[in-house]
**Q** 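Supplied in structure tokens, the structure appears directly below.
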Amino acid sequence: MSVHVPFTDLAAMTREVRPAIDQGWAQLLERSAFIGGEAVVEFEEAWAEYCGAPHAIGVANGTDSLQLTLMALGIGPGDEVIVPTNTFVATAEAVVLAGATPRFADVSPQTLLLTSADFEAAITNRTRAVIVVHLYGQMPDMDSLGRAADRAGVVIIEDAAQAHGATWRGRPAGSMGRAGSFSFYPGKNLGAFGDAGAVVTADADLANRIRSVRDHGRMAGSHYRHELIGTNSRLDAIQAVVLNAKLARLDEWNEARRSIMMRYRAAFASSPVRLVEDTPGGQGVYHLAVARVPQRTRIQQHLATQGIQSSIHYPIPCHRQDPYLRFADGRLPVSEAAASEILSLPIFPHMRDDQITQVCDAVLEAVSAAEVHVA
Ligand SMILES: Cc1ncc(COP(=O)(O)O)c(C=O)c1O
């Protein structure tokens, strides 16, 4: 079956930025400075400004950006970090890699994001931090989470891997916690041509420690003195060139995603398809268009027969994944129920009008066929 509507279209984005990247790479090859250097500094400055944060530190990927942040905050063995179970496994993985213990929290049935009540229910006297995940490109109620974290004396780290450019009451994702973590995996709203990531923060000391930890714990200005135990997690200059070129398009591409989501909302308004709700006060960037549907397998199969790709983010909540069972502490019913109903529909900046219509029609057809089947 040929694909009429792919899940995403990276090649269309690449075509748009190719001239700028060709030029940037030509200069880079001429200089042959592949680690650090001008392109990385240029991107770090631009990304900090875009996120409304004084510092950005480029790293190798989004998992490292979380792990390095935890390490630089001194969070490790004996400490607990609260993580919503409805997230990509890397959020919890980074906590374990830092030597700390993830404590899983449930999410809101409307947004599938962490709420202050879910967060507070997971707090213990060992809780040092909470990783607030802006899943699907949408920020949760950061005011009530901020108040709850202050009351508990717990640090907020934002996992904004899916939320480049999202805002909460006008404040950019990544700028509201002690640190904000980003992935630039190729399929993200801002994606490199391989793995890449960054941390943004207003805390200058934390920024310096992360700069050191990403580079073998080196002391600033010295090649041979190591002040911390670190790792190798630097942002490659060839990726920084790509990110600089794509950053110039990010707002336009996010706007395109928003208008596709509006089409989906209008099309499914009076159907049993329930798109994950926006948080009032937040402006999302729709990395994913996630709907809760009846009879998901039948619907996904129907879409496939029409040449429409779809996916699931994520079919197994973290606390139900084998290596994380030892951290699980009871049921998290909202996430468990959602995991069997959620379906991610195609959404990408270059999606054509006729492709959007095709998805809407096919989903509605599949839903009514599924309803007949139930009856
Ligand atoms: C929510 C979330 N957190 C963390 C990550 C990890 O990022 P990376 O794949 O760049 O390590 C991802 C991306 O895959 C993600 O979606």
Side-chain angles (χ1 to χ4, degrees), residues 7-8 10 43 47 51 56-71 81-98 100 102 104-105 107 111-114 129-140 156-166 173-174 176-177 179-200 210 213-214 231-236 239-240 242-243 246 257 276 282 284-290 311-319 321 324 335 338-339 342 344 347-348:
F7 189 67
T8 189
L10 298 187
F43 177 68
W47 188 239
C51 295
I57 307 101
V59 295
N61 57 65
T63 311
D64 282 5
S65 66
L66 289 169
Q67 185 193 339
L68 267 53
T69 301
L70 292 164
M71 286 167 71
V81 178
I82 296 173
V83 172
T85 190
N86 185 42
T87 181
F88 180 57
V89 74
T91 317
E93 190 176 50
V95 174
V96 179
L97 290 172
F104 292 110
V107 292
T111 62
L112 301 186
L113 304 176
L114 191 68
V130 55
I131 304 185
V132 175
V133 185
H134 306 324
L135 203 67
Y136 313 139
Q138 181 71 229
M139 293 174 74
I156 292 185
I157 298 168
E158 296 174 70
D159 182 347
Q162 303 190 0
H164 316 74
M176 299 196 68
S181 167
F182 291 89
S183 163
F184 305 117
Y185 179 80
K188 301 296 195 225
N189 289 30
L190 180 62
F193 287 178
D195 282 310
V199 183
V200 299
I210 296 172
V213 174
R214 75 170 170 181
T231 184
N232 175 358
S233 183
R234 297 170 295 224
L235 173 64
D236 287 334
Q239 301 301 351
V242 175
L243 294 168
K246 284 192 166 182
R257 289 174 183 273
V276 168
V285 289
Y286 308 108
H287 173 59
L288 295 166
V290 176
S311 188
I312 301 170
H313 298 86
Y314 294 91
I316 306 173
C318 292
H319 72 288
Q321 296 280 1
Y324 295 89
S335 304
I342 48 181
S344 305
I347 189 162
F348 52 92

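Only heavy atoms go into these numbers, but all of them, side chains included; no hydrogens, no water, no symmetry mates. All ligand and atom numbering here is 1-based and tracks the order in the structure.
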**Q** For ligand 1, is there an N or O atom under 3.5 Å from any N or O atom of Tyr185?
**A** no

**Q** Counting from 1, what ligand 1 atoms have a heavy atom of Ala90 closer than 4.0 Å?
**A**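 Every atom of ligand 1 under 4.0 Å from some heavy atom of Ala90: 4 (C), 5 (C), 6 (C).
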
**Q** Note the single closest protein heavy atom to atom 16 (O) of ligand 1, along with its residue, its atom name and the distance in Å.
**A**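 The answer is Gln162 NE2, 2.9 Å.
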
**Q** Ignoring hydrogens, what is the shortest heavy-atom contact between Ala166 and Gly284? Give both atom names and the distance.
**A**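 So the two residues come closest at CB-CA, 4.5 Å.
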
**Q** Which atoms of ligand 1 have any heavy atom of Asn61 under 4.0 Å away?
**A**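 Within the 4.0 Å cut-off of Asn61, ligand 1 contributes 10 (O), 11 (O).
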
**Q** What's the shortest distance from atom 3 (N) of ligand 1 to any protein heavy atom, and which residue and atom give it?
**A** Asp159 OD2, 2.7 Å

**Q** Please classify the Thr63 to ligand 1 contact at 4.0 Å (heavy-atom distances, strictly less than): side chain, backbone, both or neither.
**A** both

**Q** Do any nitrogen or oxygen atoms of Gly62 come within less than 3.5 Å of a nitrogen or oxygen of ligand 1?
**A**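 Yes.
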
**Q** Taking all non-hydrogen atoms of both residues into account, name the closest pair between His134 and Glu158 and its distance.
**A** NE2-OE1, 2.7 Å

**Q** I'd like to know whether OH of Tyr185 has more than 12 heavy-atom contacts from other residues, nucleotides or ligands below 6.0 angstrom.
**A**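 Atom OH in Tyr185 is not crowded, with 12 or fewer foreign heavy atoms closer than 6.0 Å.
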
**Q** Of all the non-hydrogen atoms in the protein, which one sits nearest to atom 15 (C) of ligand 1, and at what distance?
**A**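 Its nearest protein heavy-atom neighbour is Ala161 CB, 3.5 Å.
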
**Q** On a heavy-atom basis, which atom in Leu113 and which in Val133 lie closest, and how many Å separate them?
**A**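 Looking at all heavy atoms of both residues, the shortest contact is CD2-O, 3.8 Å.
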
**Q** For the CG atom of Leu190 and the NZ atom of Lys246, what is their distance to the nearest 0.5 Å?
**A**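 The distance works out to 7.0 Å.
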
**Q** Test ring-ring contact (aromatic ring centres under 6.0 Å, His included) on His164 and Phe182 and set out the steps.
**A** CA-CA 8 Å; His164 316 74; Phe182 291 89; 5.5 Å; yes

**Q** Please write down residue, atom name and distance for the protein heavy atom closest to atom 14 (O) of ligand 1.
**A** Lys188 NZ, 3.1 Å

**Q** Starting from the C-alpha separation in whole Å, work towards a yes-or-no answer on side-chain contact (heavy atoms from CB on, under 4.5 Å) for Leu288 and Gln162.
**A** CA-CA 8 Å; Leu288 295 166; Gln162 303 190 0; 3.8 Å; yes

**Q** Considering the heavy atoms of Thr91, write down every atom of ligand 1 situated less than 4.0 Å from one of them.
**A** 3 (N)

**Q** Would you say His287 contacts ligand 1, with heavy atoms under 4.0 Å as the rule?
**A** no

**Q** Specify whether Phe104 and His319 have parallel, tilted or perpendicular ring planes, treating 30° as the upper limit for parallel and 60° as the lower limit for perpendicular.
**A** tilted

**Q** Minimum distance, heavy atoms only, to atom 9 (O) of ligand 1: which one of Pro186, Ser183, Ala94 is it?
**A**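 Heavy atom nearest to atom 9 (O) of ligand 1 belongs to Ser183.
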
